[in-house]
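Report on one structure; see the data block that follows.
One-based numbering, in listed order, for ligands and for the atoms of each.
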Amino acid sequence: MKLIHSLNKEEITEVLKQFGAPAFRTKQIWNWLYVNKVTNWDDMANLPAKLRTQLSSEYSISPASVDEAGNESGTLKFLLNFDDGEQVEIVLIPARKRYTVCVSSQAGCKYKCAFCASGQAGFSRNLEAGEIIAQYLQAASMADAPVTHVVFMGIGEPFDNYDNVMKAIRILNDKDGLNIGARRITISTCGLIKGIEKLAKENLQVELSLSLHAPNQRIREYLMPVASKESIADLLVACREYFAETKRIITLEYTLIKGLNDSEHNAHQLLKLIRHKPFRVNLIPLSPVAEFQGERPEKETMLEFMDILTNAGVNVTLRDSRGSQIKAACGQLRYSNKDK
Ligand code: SAH
């Protein structure tokens, strides 16, 4: 069955037309889906019964079943099981009186970064827009405060599923529905230049994060196979063009790994790469992943690394990545398929 949440308003109007129903029903359906967040066609009280039957015979309104997968002082991990056996992990992260949801964009990941759990079991398929929206709606139904922020930092590479991710973002952003401000939505990419170039032209004020993780090409290639295709030099050019087009600063994500990319020398190398360019830096302490031997640096080392950047005038933060006990921290989400 097709997912109703994969359809934008124009597409819903088109479906209504095929069913012989008037276009004004689109607004009513949208309101049920995204303001009332109903999970049952029969709850759409102002729709004629016949239309509800027509819609329910072709469109599913709840694409997945959910399993709780852990709770660590309020950070909640859950799994969505899609009808074809694919599973993705999602994390609901509390902030003061609100939540951020970390969503997955693909079942699996092709990019196989050495230190990330998400690509270990390979890649299966892209998620549909509706399967991304389902993650948000599921999170919202479990949260005891509004889920105001969405980060595409779960399983998968959002720019490798560009169209569906963009469609989901426009649905999340829609003023008549979930109404999540574009600036509260973050796309994180391993560095696909085509994606950066396309996003620059979307006229959407979303946040862009780039997983750099290395101060030079050699270390980046060691950690991230994608680096041999998309060089740091080319990435920096794409980022500068992105900034010229959007006037939006890009966040560089840099996972600190003991003895690998965390020295003072590395900090100065990074500084040289990014000085006078439109970046802020988010340092991430390495989260443990069984398949990767690296370790998290001492706190002292991380603070020294941070100071070097700060003293040079770079806006730097050290991410407080929560939920490592329940394997919900950055890079720990794992793809699996329950039928395999
Ligand atoms: N594919 C996208 C989305 C994943 S976002 C991307 O690469 O950006 C998840 C973030 O966590 C990325 O910055 C990723 O590189 C980082 N990450 C992966 N494994 C990690 C680990 N073991 N510890 C800390 N961060 C990790």
Side-chain angles (χ1 to χ4, degrees), residues 77 88-91 93 100-123 126-127 132 135 149-162 164-165 168-169 185-196 199 206-214 219-227 229-230 235 238-239 250-258 260-262 279-297 302 305 317-335:
K77 182 165 91 167
V88 290
E89 296 191 322
I90 300 108
V91 187
I93 307 153
T100 294
V101 64
C102 175
V103 298
S104 295
S105 55
Q106 298 181 308
C109 186
K110 298 174 191 166
Y111 294 90
K112 300 203 170 295
C113 300
F115 50 96
C116 182
S118 298
Q120 299 291 341
F123 172 80
N126 282 329
L127 297 189
I132 296 170
Q135 298 174 52
H149 291 63
V150 179
V151 296
F152 284 85
M153 295 190 183
I155 298 164
E157 166 50 42
F159 283 163
D160 190 43
N161 184 17
Y162 188 92
N164 292 340
V165 164
I169 288 175
I185 300 174
T186 302
I187 298 180
S188 180
T189 179
C190 64
L192 303 189
I193 289 170
K194 274 219 172 69
I196 298 172
L199 183 66
V206 292
E207 298 292 330
L208 177 60
S209 285
L210 168 61
S211 293
L212 188 70
H213 303 312
I219 298 179
R220 195 162 195 270
E221 282 185 22
Y222 174 73
L223 291 172
M224 305 175 73
V226 69
K229 293 205 193 87
E230 316 262 353
L235 272 172
C239 288
I250 296 169
T251 301
L252 295 179
E253 294 163 283
Y254 191 105
T255 297
L256 286 164
I257 307 168
K258 194 178 201 165
L260 211 143
N261 64 1
D262 65 340
F279 296 117
R280 64 174 86 80
V281 175
N282 191 207
L283 300 172
I284 314 174
L286 179 76
S287 319
V289 164
E291 294 86 348
F292 183 63
Q293 299 305 318
E295 283 171 49
R296 174 181 294 202
M302 297 197 283
F305 194 99
T317 44
L318 185 60
R319 185 179 295 175
D320 168 26
S321 176
R322 280 177 268 170
S324 63
Q325 309 285 325
I326 55 168
K327 301 221 181 322
C330 295
Q332 291 186 316
L333 297 187
R334 213 169 261 280
Y335 157 69

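Exactly one residue among N161, N164, D160 makes a side chain to side chain donor-acceptor pair (under 3.5 Å) with Q106. That residue is D160.
Side-chain atoms of T189 and E157 include a donor-acceptor pair closer than 3.5 Å.
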* Chi angles and distances behind the salt bridge (charged side-chain N to carboxylate O under 4.0 Å, His left out) call for E291, R334 -> CA-CA 12 Å; E291 294 86 348; R334 213 169 261 280; 3.0 Å; yes
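Remark: F115 engages H213 in a ring-ring contact (aromatic ring centres under 6.0 Å, His included) (not counting sequence neighbours). S118 is linked by a side chain to side chain donor-acceptor pair (under 3.5 Å) to nothing, counting only residues two or more places apart in sequence or in another chain. Scanning for salt bridge (Lys or Arg N to Asp or Glu O under 4.0 Å) contacts around E295 gives K258, with sequence neighbours left out.
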Give me the pairs of N or O atoms, one from ligand 1 and one from the protein, that sit under 3.5 Å apart.
| from | atom 1 | to | atom 2 | distance (Å) |
| --- | --- | --- | --- | --- |
| ligand 1 | 1 (N) | G156 | O | 3.0 |
| ligand 1 | 1 (N) | E157 | OE1 | 3.0 |
| ligand 1 | 7 (O) | C190 | N | 3.4 |
| ligand 1 | 7 (O) | S211 | OG | 3.4 |
| ligand 1 | 8 (O) | S188 | OG | 2.7 |
| ligand 1 | 8 (O) | T189 | N | 3.4 |
| ligand 1 | 8 (O) | T189 | O | 3.4 |
| ligand 1 | 8 (O) | S211 | OG | 2.6 |
| ligand 1 | 13 (O) | S211 | OG | 2.7 |
| ligand 1 | 13 (O) | H213 | NE2 | 3.4 |
| ligand 1 | 13 (O) | E253 | OE2 | 3.2 |
| ligand 1 | 15 (O) | H213 | NE2 | 2.5 |
| ligand 1 | 19 (N) | F115 | O | 3.3 |
| ligand 1 | 22 (N) | F115 | O | 2.7 |
| ligand 1 | 22 (N) | S287 | O | 3.0 |
| ligand 1 | 23 (N) | S287 | N | 2.8 |
| ligand 1 | 23 (N) | S287 | OG | 3.3 |
| ligand 1 | 23 (N) | C330 | O | 3.4 |
| ligand 1 | 25 (N) | T255 | OG1 | 3.3 |

